[in-house]
Amino acid sequence: MIGIQSAAVFCGSAAGSNPAFAAAAEALGEGLAAFGIKLVYGGGGIGLMGVVARAAHKAGGELVGVMPEFLMQREVAHIGAGELIVTPDMHTRKRRMFELADAFVILPGGLGTLDEFFEILTWRQLRLHGKAILICDVAGYAKPWVAILEAAIANGFAQASARDLFEVIDGVPALLARLAMLPKPVSQQATLL
Ligand code: AMP
C-alpha cells in the first residue's frame with residue numbers, strides 16, 4: 001500500500017490557554033517528520049500553526065505554507081523554513097491547501113480553524129473529495145464540535161452518515177498511527193466546483 005505523502009494541519013493562530021495544545025502541536029510536527037509526511041499548513045509562524053511548523057522543520061520534515069497576501073504581515077508569515085506559497089486571497093489559499101494535502105488533521109483552534117474544518121467536511125459531504133478528515137482531540141476540546149454535528153443530526157439537518165465523514169482521535173500518538181494506515185487518495189486532482 002502506498003500511504004499518504006502529505007497532510008494539511010488546520011489549527012489555531014493562537015496557542016490557546018492550555019499548554020497541552022502546544023505540546024500536541026509540537027508532537028504532531030515531530031511525528032509528521034518522522035513518518036515522512038509533508039506538512040501543509042497556513043504559512044504563519046504564530047500560535048499552534050507556528051509550533052507545528054517549527055517542530056516539523058526541526059525534526060527534518062518537509063513543509064509547505066500557504067498564506068494569502070493580505071495576511072502576510074498580520075500572521076507573521078512563515079518560520080523562515082520550507083516552501084511558502086503566497087495566494088491572492090483566502091479562497092485560493094484553501095483550495096491550494098486542499099490540493100496539496102492527502103489528508104486533513106484538525107488540532108484545537110479558533111474561528112478560522114472551525115471554518116476550515118467545516119468547509120473541508122462539507123466538501124466531503126458533497127462528495128467533492130474522499131480524503132480523510134481527522135480531528136485530534138486534545139483535553140476534550142473537540143467535544144463541542146462533535147456536539148454541534150450531533151445536534152444537526154438529531155434535529156434532522158444532517159444525516160447520520162455525516163458521522164462517517166470524519167474521525168475524532170484522542171491525542172497525537174493515536175492520530176499518527178491512524179495517519180500511517182491511510183492509503184493515498186486515488187485522485188490527486190481536486191474535483192472542486
Ligand atoms: P484561528 O483558528 O481563528 O486562529 O485561525 C486559524 C487559521 O484560519 C489561520 O491561518 C487564519 O488565517 C485562518 N482564518 C482566520 N479567519 C478565517 C476565516 N474567516 N475563514 C477562513 N480561514 C480563516
Side-chain angles (χ1 to χ4, degrees), residues 6-29 32 37-57 61-101 103-126 128-129 131 133-149 165-166 168-169 172 175 190 192-193:
S6 61
V9 175
F10 297 133
C11 61
S13 55
S17 53
N18 185 336
F21 300 146
E26 190 164 2
L28 180 62
L32 290 176
I37 297 171
K38 185 174 189 171
L39 167 69
V40 181
Y41 75 111
I46 53 174
L48 297 187
M49 208 188 327
V51 173
V52 181
R54 272 186 288 272
H57 173 63
E62 263 191 281
L63 60 157
V64 53
V66 186
M67 173 72 80
E69 189 144 29
F70 83 100
L71 280 182
M72 286 285 283
Q73 291 308 319
R74 215 189 303 168
E75 295 218 334
V76 192
H78 213 214
I79 59 163
E83 189 187 348
L84 179 66
I85 297 172
V86 180
T87 63
D89 51 54
M90 288 296 269
H91 287 102
T92 315
R93 174 206 226 183
K94 285 179 172 177
R95 191 187 177 101
R96 283 302 286 143
M97 289 181 77
F98 169 80
E99 289 166 347
L100 290 166
F104 304 97
V105 174
I106 293 91
L107 276 182
L111 303 185
T113 307
L114 268 170
D115 172 81
E116 289 162 339
F117 165 58
F118 278 108
E119 183 153 54
I120 214 72
L121 186 66
T122 52
W123 287 354
R124 188 161 172 182
Q125 180 178 246
L126 293 168
L128 295 173
H129 73 91
K131 299 178 184 182
I133 302 171
L134 310 182
I135 298 185
C136 183
D137 193 18
V138 181
Y141 190 74
K143 285 193 173 61
W145 298 28
V146 175
I148 287 179
L149 288 158
L165 300 174
F166 66 102
V168 182
I169 298 175
V172 172
L175 181 109
L192 300 176
L193 309 178

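First listed ligand is number 1; within each ligand, the first listed atom is number 1. Reckoned from all heavy atoms, side chains included, excluding hydrogens, waters and symmetry mates. All residue numbers in this chain count up from 1 along the given sequence.
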N or O pair under 3.5 Å between Gly109 and ligand 1
no

Nearest neighbour in protein (non-hydrogen) for atom 22 (N) of ligand 1:
Met90 CE, 3.1 Å

In ligand 1, the atoms that come under 4.0 Å of a heavy atom of Gly12 are 2 (O), 4 (O)

Is it the case that more than 12 heavy atoms not belonging to Leu126 sit under 6.0 Å from its CG atom?
yes

Atom CG of Leu107 and atom CD1 of Ile135: how far apart are they, to the nearest 0.5 Å?
10.5 Å

Please round to the nearest 0.5 Å and tell me the distance separating atom CE of Met97 and atom OG1 of Thr92.
13.0 Å

Residue-ligand contact Cys11/ligand 1, heavy atom below 4.0 Å
yes

May I ask you to decide if Gly61's main-chain N or O and Lys38's side chain share a donor-acceptor pair within less than 3.5 Å?
no

When you measure from atom 5 (O) of ligand 1 to the protein, is at least one non-hydrogen atom found at a distance under 4.0 Å?
yes

To the nearest 0.5 Å, what is the distance between CG (Leu114) and CZ (Phe118)?
6.0 Å

I need the atoms of ligand 1 closer than 4.0 Å to a non-hydrogen atom of Lys94, numbered in the order shown.
21 (C)

Atoms of ligand 1, numbered as shown, that sit under 4.0 Å from any heavy atom of Leu111:
2 (O), 3 (O)

Near Ser13, which atoms of ligand 1 are under 4.0 Å from a heavy atom of that residue?
1 (P), 4 (O), 5 (O), 6 (C)

For Tyr141 and Phe21, what are the C-alpha separation, side-chain angles and deciding distance, and is it a ring-ring contact (aromatic ring centres under 6.0 Å, His included)?
CA-CA 9 Å; Tyr141 190 74; Phe21 300 146; 5.7 Å; yes

By number and element, which atoms of ligand 1 are closer than 4.0 Å to a non-hydrogen atom of Gly110?
1 (P), 2 (O), 3 (O)

Considering only heavy atoms of Arg93, which atoms of ligand 1 have at least one such atom less than 4.0 Å away?
10 (O), 11 (C), 12 (O), 13 (C)

In the protein, what heavy atom is nearest to atom 16 (N) of ligand 1, and what distance, to one decimal place, separates them?
Gly112 CA, 3.8 Å

What is the distance from atom CZ of Phe104 to atom CZ of Phe117, rounded to the nearest 0.5 Å?
12.0 Å

Does even one non-hydrogen atom of Gly44 get within less than 4.0 Å of ligand 1?
no

Ligand 1-proximal atoms of Leu71, by part, heavy-atom distance under 4.0 Å
side chain

among protein heavy atoms, the one nearest atom 21 (C) of ligand 1 is Asp115 OD2, 2.9 Å

Is a side-chain N or O of Arg54 found less than 3.5 angstrom from the main chain of Gly45, in a donor-acceptor match?
yes

Could you check whether Glu119 pairs with Lys94 (Lys NZ or Arg NE/NH1/NH2 to Asp/Glu carboxylate O, under 4.0 Å)?
yes

May I ask which of Glu116, Glu119, Met67, His91 has a heavy atom nearer to atom 8 (O) of ligand 1 than the others do?
Glu116

Out of curiosity, Leu175 CG to Leu28 CG, how far, rounded to the nearest 0.5 Å?
6.5 Å

Nearest non-hydrogen protein atom to atom 11 (C) of ligand 1, with distance, is Glu75 OE2, 3.2 Å

